[in-house]
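A short worksheet on the structure shown next.
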Amino acid sequence: GERLGRTSSNIQRHNGLREAALRQVATVLGDPKHEVLPLISSMLAYEAKDRPTARAVELAAEDAAAAETISAPPPSSA
């Protein structure tokens with residue numbers, strides 16, 4: 001995958017980078033409304049207090065995998 005870039009201490013710049021990263025992930029997933037995007041967005045929150053715990057991420061990922069909403073992208077043909 002590609003690097004998502006370096007974050008910023010400026011909240012507006014950080015949020016712009018976060019939105020760009022989410023668009024990139026949505027493109028890879030092939031769905032701009034994929035249900036895993038809110039989780040990823042929360043993981044990239046500017047304030048640490050707004051980010052989920054590792055356990056919450058683990059549980060959400062397990063739930064999504066069980067519902068088969070996450071799948072690996074096809075291998076690149078490079």
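The first residue in the sequence is number 1, and the count goes up from there.
L22 pairs with exactly one of L17, T27, I40 by the side chain to side chain contact (heavy atoms under 4.5 Å, CB included) rule, that one being I40.
Between D50 atom CG and M43 atom CE the span is 14.5 Å, to the nearest 0.5 Å. Taken from CZ in R23 to CG in L37, the straight-line distance is 12.0 Å, to the nearest 0.5 Å.
For the pair R51 and S42, the minimum side-chain heavy-atom distance is 4.5 Å or more.
Using a 3.5 Å distance cut-off with no hydrogens or angles, the side chains of T7 and H14 do pair a donor with an acceptor.
Here the closest heavy-atom approach between residue R18 and residue L44 is recorded as CD-O, 3.4 Å. Annotation for A26 and P32: closest pair CB-CA, 3.8 Å, computed over non-hydrogen atoms.
Under the 4.5 Å side-chain heavy-atom criterion for Ile, Leu, Val, Met, Phe, Trp and Tyr, L39 and Y46 are members of distinct hydrophobic clusters.
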